[in-house]
Amino acid sequence: MRFWMSAVFVLFVLVQFYQWVKGFILPLPIYVLAGAFLAIASNYDKGMAKMISASSEQSLNPSANQTEES
């Protein structure tokens, strides 16, 4: 009997939690920030840090870009 009561209680808690999560809505900026974070985190090992630092160096020194391109 104790097993059945605990099983019904756990099932009730899971159903209530599912209904709460289904009705939970986050604002759009949180979705955008979460997506950007996931993109950075998933591509970090592919050298994104080097690409970001290289692009920031180019934007800080535009005269070097012109001499390299010519």
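What's counted below: heavy atoms across the whole structure, side chains too, no hydrogens, waters or symmetry copies.
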Hydrophobic cluster identity match, L11 and V21, side-chain contacts under 4.5 Å: no

Apply the test side-chain contact (heavy atoms from CB on, under 4.5 Å) to residues F9 and M5: give CA-CA distance (whole Å), side-chain angles for both, the deciding distance (0.1 Å), then the verdict. CA-CA 6 Å; F9 177 74; M5 289 181 66; over 6 Å; no

To the nearest 0.5 Å, what is the distance between CD1 on I30 and CZ on F37? 14.5 Å

